[in-house]
Structures are given as structure tokens and as C-alpha cells.
Amino acid sequence: MNQASLTTQFEAQRPALLALAYRMLGERGLAEDVVQETWLRWRAVEPETLDAPGAWLRTVTTRLAIDALRRARARREAYIGPWLPEPLLEDPASDFTARLETVQQAELALVWVMEFLTPDERAAFILRETFEEDYEAIASVLGKSEAACRKLVSRARTKTGAAPMQLGASREVVMGLLERLMQASAAGDLQAIRDVLAEDVVTISDGGGKARAALRPLYGADESAQVLHAVATRKQGSAAPVLVRVNGAPGIAILVGGVFDHVTTLAPSRNDPSRIGWLYTMRNPDKLWKADRD
């Protein structure tokens, strides 16, 4: 197979491979590195000798992502404050989001929840739930028995099912909650802020030690409301809110001097979808700079 054919065949698979790597890693740069390494390995084989080139590419990408995730764990454990997955602000001019298949299925709440899975659980869960691979294929990717892979997926479902937020909520529900929160915050109304939060809400901000943010997650409506109220009533100067789409869901970006200061999105409560169960705010400039320049 000539170089042009190799490239064409790989590029047809690139969106799915990027989607797989991003869901595994929660980091855009790492996902791109993994897919680039897959490309280098693809060039070194004879595709016509493969029974299923697409399956081969997913296998290599998954195994590389597992290795990358294990290396990243030590760095994330030493991270200043909570580590949150990097947001994908959708922009037609962005090469990454243009190539990423079904951004909507990479919702930040789910990517965050999957941080509590082992690398093998995460891989098995993504391959089964997102890519609908059968257990024979998952077993081949992970080098385990089908029975072991079924247990991995079962454990992953149990762990993700215990999260306080409703995963896969519609954009309309998320937008409605975001509007209520923004209105309450703009009015500086502490009780209204609290009323939109579920009792078991988890509020997380990621500053990475480079921007002001809480150094631990906030648990419960009382604590979260107090902090959100304090932030809302602090003078922001030239701050300007802009409606954005973050990993396919509505979000609010705050621009200061025309530069992204932070991005906020949320997920409804699992027990009470009329209230917020999970609130995400990204302030780390290292995770926002690409969105600012796409």
C-alpha cells in the first residue's frame, strides 16, 4: 500500500481514535500524542496483512492511552488543588474539535467520574459503552479473558452510577440550570444560589496553582453556595460573560480583557434533576489557552 493510501485510511479513523484517547486521558495534548504514536506504528506495518485495520488501530490507541494514563496519574496526584479534565470549547476553526468524533459524548462530568476508575476499567468501560465493542474484542485489546472484561465493565458501571450527577443530561436541562445559577449570582442572592443546588452537590474548580481556585472540592449546598456567592459579589472589573459550548454542553466563559479567565459548566443532580449536582469551573490558564487561540 502506498503512502497516500496509508494516510487516507488512517485519517478516516482519526476522529474515533482522538475520541477514544481523549475519553481515556481527559487531556487534549496527551490524546493527540497518543494518536500520533499510533500513526507512527501504523506506518511500520503492512495494513493489508491485518484482518481488521480499524480494530488494530483502536487496540494500539487504547494500549498507548493506558500507558499514558498510568504515567499521568503520578503527575495528577502532585497537582495543586483538584485536577479536572481539560475542556473542549467547540469552535469551527479548531482542528482538534473538528476531528474529534461526537464531542457531545465526551461530557466533562463523565470524564471526571472516570478518574476514579483503574486504567483497565476505564478502557473496558469506554470500549463497551461508547464504541459498543463486544467482549471478545475488549478481551483482545486488554489481553484478558472475556469474563474478566465483563467484571471490569460491571465495576466501572457501579462506580460511575454512584456519582451525584445525572450523566447524559440534555442541553436544554443544562442550559436551564445554568441560566438559573447565573441569574441568582448576578443578583447576589445567596438563598437563590443555594436553591438551585442539590443537597449533595459537588463544586470543583481547577486553578492548577496558577489561578485562584479552591484547593479542594466543595461538598454540599451550604458550603458551595457560600463560596459561589462570595465569587459572584466580588467586583470583576472588565469581566464579560459569553455563552459557549463545552464538550457539547452549554457553559459560561468569563472573559477579562478579551482573554478567557474561567469556564463553568454543570450537570444536574441524579436524585433531583431540577437542581445542580456537579459544578465545574476551569481557571488553569494552561488548560484554557488553546481554547483562547483556536
Side-chain angles (χ1 to χ4, degrees), residues 81-82 84-85 87-90 104 106-113 115-116 160-207 211-237 239-256 260-284 287-288 291:
L84 286 172
L88 302 178
L89 273 69
E90 296 177 54
Q104 291 85 348
E107 64 175 308
L108 285 168
L110 178 57
V111 178
W112 176 74
V113 167
E115 279 296 300
F116 300 97
T160 56
M165 76 288 282
Q166 180 188 87
L167 300 172
S170 70
R171 293 183 185 181
E172 291 74 21
V173 169
V174 173
M175 190 67 224
L177 288 169
L178 198 60
E179 287 176 344
R180 287 173 58 194
L181 179 62
M182 292 302 105
Q183 289 169 2
S185 298
D189 188 333
L190 175 60
Q191 187 58 48
I193 293 173
R194 194 196 184 288
D195 287 346
V196 77
L197 303 176
E199 291 299 328
D200 59 350
V201 65
V202 179
T203 301
I204 315 172
S205 55
D206 179 341
R212 186 173 180 175
L215 294 178
R216 62 174 180 81
L218 307 177
Y219 295 99
D222 288 334
E223 183 178 36
S224 295
Q226 290 287 348
V227 172
L228 291 170
H229 179 261
V231 172
T233 54
R234 187 186 307 135
K235 290 188 177 180
Q236 298 284 334
V242 177
L243 183 64
V244 293
R245 286 205 301 171
V246 189
N247 291 52
I252 295 292
I254 302 298
L255 278 65
V256 176
F260 280 93
D261 179 77
H262 64 273
V263 171
T264 296
T265 190
L266 54 82
S269 166
R270 180 182 297 278
N271 297 320
D272 183 0
S274 68
R275 297 188 176 190
I276 297 169
W278 183 80
L279 192 62
Y280 164 111
T281 298
M282 178 55 65
R283 297 212 65 207
N284 185 343
K287 295 183 180 181
L288 289 174

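Just so we're clear, the structure is a prediction, and the values are computed from it rather than from any experiment. Values below: every heavy atom of this structure, side chains too, minus hydrogens, waters and symmetry copies.
Distance alone, capped at 3.5 Å, places no donor-acceptor pair between the R270 side chain and the Q166 backbone. Looking at R212, its side chain never comes within 3.5 Å of a backbone N or O of G207 through a donor-acceptor pair. The main-chain N or O of P250 is found under 3.5 Å from a side-chain atom of T265 such that the two form a donor-acceptor pair. Using a distance-only test at 3.5 Å, with no hydrogens or angles considered, no donor-acceptor pair links the side chain of E107 to the main chain of G248. Panel note: side chain N247, backbone A106; a donor-acceptor pair is recorded below 3.5 Å. At least one donor-acceptor pair under 3.5 Å links the side chain of D206 to the backbone N or O of L84.
The two residues G251 and L243 make their nearest non-hydrogen contact at O-CD1, 3.4 Å. Summarising the geometry of P268 relative to V174, their closest heavy-atom pair is CD-CG2, 4.4 Å, with the distance given to 0.1 Å. Between V246 and V263 the shortest heavy-atom distance is CG2-CG1, 3.7 Å. For the residue pair G188 and H229, the shortest heavy atom distance occurs at O-NE2, 3.0 Å. Smallest separation of non-hydrogen atoms from H262 and T264: CD2-OG1, 3.7 Å.
Between T281 and V231, the closest side-chain pair of non-hydrogen atoms is not below 4.5 Å.
One finds the CZ atom of R275 at 7.5 Å from the CZ atom of R180 (value rounded to the nearest 0.5 Å). The line from CG of D200 to CG of D272 is 9.5 Å long, rounded to the nearest 0.5 Å. Taken from CZ in R171 to CG in L178, the straight-line distance is 13.5 Å, to the nearest 0.5 Å. Here CG of L177 is found 10.0 Å from CE of M175. Values are rounded to the nearest 0.5 Å. Between D261 atom CG and M282 atom CE the span is 12.5 Å, to the nearest 0.5 Å. L228 CG to T233 OG1: the interatomic distance, rounded to the nearest 0.5 Å, is 10.5 Å.
Ring geometry for W278 versus Y280: interplanar angle of 30 to 60°, hence tilted.
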Donor-acceptor pairs under 3.5 Å, side chain of residues 192-199 to any protein atom, not counting sequence neighbours: which ones?
from	atom 1	to	atom 2	distance (Å)
R194	NE	D222	OD1	2.5
R194	NH1	E199	OE2	3.1
R194	NH2	E199	OE1	3.1
R194	NH2	E199	OE2	3.3
R194	NH2	D222	OD1	3.1
D195	OD1	Q191	NE2	2.8

